[in-house]
J.: 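Submitted below is the structure of interest, expressed as structure tokens.
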Number of protein chains: 2
Amino acid sequence: MHILLVEDDAQIADGLCAALALENFTVDHVATATAAEQALSLGHFDAVILDLGLPDEDGVSWLERMRRQQHDLPVLILSARDSVAQKVSGLQAGADDYLLKPFDLRELSARLHSLLRRSSGRSTHVIEHEGLMVNPSHLEVTLHGVPVNLARREMALLLAFLNNPKRILSAEYLQDALYGLGDGVESNAINVHIYNLRRKLGSSMIQTVRGLGFRLGVPDEPA
Amino acid sequence: MHILLVEDDAQIADGLCAALALENFTVDHVATATAAEQALSLGHFDAVILDLGLPDEDGVSWLERMRRQQHDLPVLILSARDSVAQKVSGLQAGADDYLLKPFDLRELSARLHSLLRRSSGRSTHVIEHEGLMVNPSHLEVTLHGVPVNLARREMALLLAFLNNPKRILSAEYLQDALYGLGDGVESNAINVHIYNLRRKLGSSMIQTVRGLGFRLGVPDEPA
DNA sequence: TGCCTTTGTTAATGCTCTGTTAATACCCAG
DNA sequence: CTGGGTATTAACAGAGCATTAACAAAGGCA
């Protein structure tokens, strides 16, 4: 689970990072609203822990802006005890939960887990490509409106292609995408999965580039 | 909106009653766990505000008892600042939210509204889904007019699905819904309950999404 | 209270779907 | 024609889920 921690107090941030790391969260820490926005646009996160007292922008207005930009991931607000009105407007701005400073780490953990569970699967992110509609979090795929049932590995493979459309992906790259770096298979598993994908999605979806790898869709310029 | 306030401190209770009345809530105030249980069995309430420091019974154990009796209405816990562990177990016992004393009335109001919004539709009203009529407050279920007898856990499971229609619920999420945060069972109890539900409601009601969890009804059309 | 019924959990077993391997057939370039 | 790369297919092992039975616990009733 990937958490974005937005907190300008270094001491609190360090403590939180350590505590969350212990629970096998992957934590990215930023200290400003600007950096937080950048981080959101660059990578994938499952939740945000947001301190309201940021140096460059008010947390509440930042949150409102994010919500307007269709970021619908769960947000847990941290705030100082004496700013109740701010907290209320925090909830109104679209926070899913909030916590008063100083807080107990166990409590933060409990609320965070609860948030993540509540929000799992609510993501509406749908990728589209040539009549193909893909909802990764639901393992749901339709081809021209017809539902297609994909297994996990097939979905992972398809996503690897959708993340790099019209680019040639080597078998080696695909192997890393499916199994993680280093830890791989020792056979033609990738080939088999590609074959199965082609059976389910039509053989023209994935093209072979002999000697190099595979590509989703047609080449850019036949020059 | 009908609120049951369980609080033994007369001063706090009076303040809360006045504040909530200002917001057009109807508040019934009791000072003991025993009286609270009576009140719940006698009348209808939309939410409970529960102080943990009651004279006759621990608030957490009271809450657990209520949850076992299928009172699934939203509960907001009030508790003293220095008892964090108690608060955590309060969440585990099935509280929907909690607030530290001393609290701000505006904050209480905001959380209460948020709670009621979240739970709207799950109380009082009869829930209908594909020939299924469910009355949560009376634990009554009919399928195409035919009464179906559900056990407590089965009802809790069905409600978890009805509260999240057409969404995939992981076994972990369902476990939390039935047993509270963290503290769960160590076997395939969820699977067995799902199997039993399917026997009583028909096997097409709950679908399996392999590797992710279960879902009530058909998937949304992503198109 | 003690018996009996209902409910909840555990554990064992079987079944279906997946992922990987391996063997074989195919294809294109040199 | 030949060899390296790719496609196809079948078989196997394992995971995940369904099913069932047995046991424990809780609640009703006399």
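By convention in this document, chain letters (A, B, ...) are assigned in the order of the sequence lines, proteins followed by strands, and residues within each chain are numbered from 1.
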J.: Within less than 4.0 Å of OP1 or OP2 of D/dA18, is there a side-chain N or O belonging to B/R198?
T.: yes

J.: Taking the minimum atom-to-atom distance to the side chain of A/N149, which one of C/dT18, D/dT9, D/dA18 wins?
T.: C/dT18

J.: Going by modelled atom types, is there a donor-acceptor pair between the base of C/dT7 and the side chain of B/N196 at under 3.5 Å?
T.: no

J.: D/dG16, OP1 or OP2 - any side-chain N/O from B/T208 closer than 4.0 Å?
T.: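 So the side chain of B/T208 is outside the cut-off, no N or O lying under 4.0 Å from OP1 or OP2 of D/dG16.
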
J.: Does B/N191 put a side-chain nitrogen or oxygen below 4.0 Å from OP1 or OP2 of D/dC17?
T.: no

J.: What is the distance, rounded to the nearest whole Å, between atom CZ of A/R152 and atom C1' of D/dC17?
T.: 13 Å

J.: Is the backbone of B/I206 close enough, under 3.5 Å, to the side chain of B/R215 for a donor and an acceptor to pair up by distance?
T.: no

J.: Just how far, in rounded Å, is C1' of C/dT9 from CG of B/N188?
T.: 9 Å

J.: Please state how far atom CG in A/L139 lies from atom C1' in D/dC17, giving the value in whole angstrom units.
T.: 15 Å

J.: If I take atom CZ in residue A/R215 and atom C1' in nucleotide D/dT6, what distance separates them, rounded to the nearest angstrom?
T.: 16 Å

J.: Atom CG of A/L212 and atom C1' of C/dA29: how far apart are they, to the nearest Å?
T.: 14 Å

J.: Please answer whether the main-chain N or O of B/H193 pairs with a side-chain N or O of B/R153 as donor and acceptor at a distance below 3.5 Å.
T.: no

J.: Under 3.5 Å, side chain of A/N135 to main-chain N/O of A/V126, donor-acceptor pair present?
T.: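 The answer is no, because no donor-acceptor pair under 3.5 Å joins these two groups.
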
J.: Would you indicate which nucleotide in C/dT21, D/dC17, C/dT9 comes nearest to any side-chain atom of A/A189?
T.: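 Of all the options, the side chain of A/A189 is nearest to C/dT21.
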
J.: Any salt bridge between B/R199 and B/E154, counting N to O under 4.0 Å?
T.: no

J.: Rounded to the nearest Å, what distance is computed from the NE2 atom of residue B/H193 to the C1' atom of nucleotide D/dT19?
T.: 15 Å

J.: Side-chain N or O of A/Y195 versus OP1/OP2 of D/dT9: is the shortest distance under 4.0 Å?
T.: yes

J.: How many whole angstroms separate atom CE of B/M155 from atom P of C/dT7?
T.: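 From B/M155 CE to C/dT7 P: 12 Å.
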
J.: With nearest nucleotide decided by heavy atoms, which residue, B/V192 or A/E154, maps closer to the 5′ end of DNA chain C?
T.: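 The residue mapped nearer the 5' terminus is B/V192.
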
J.: Categorize A/R210 for me: base, sugar-phosphate, or nothing, with a 4.0 angstrom heavy-atom threshold over every strand shown.
T.: base

J.: Do other residues, nucleotides or ligands put more than 12 heavy atoms under 6.0 Å from A/E172 CD?
T.: no

J.: Starting from C1' on D/dA7, measure out to CD1 on A/I190 and report it in whole angstrom.
T.: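 Interatomic distance, CD1 of A/I190 to C1' of D/dA7: 15 Å.
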
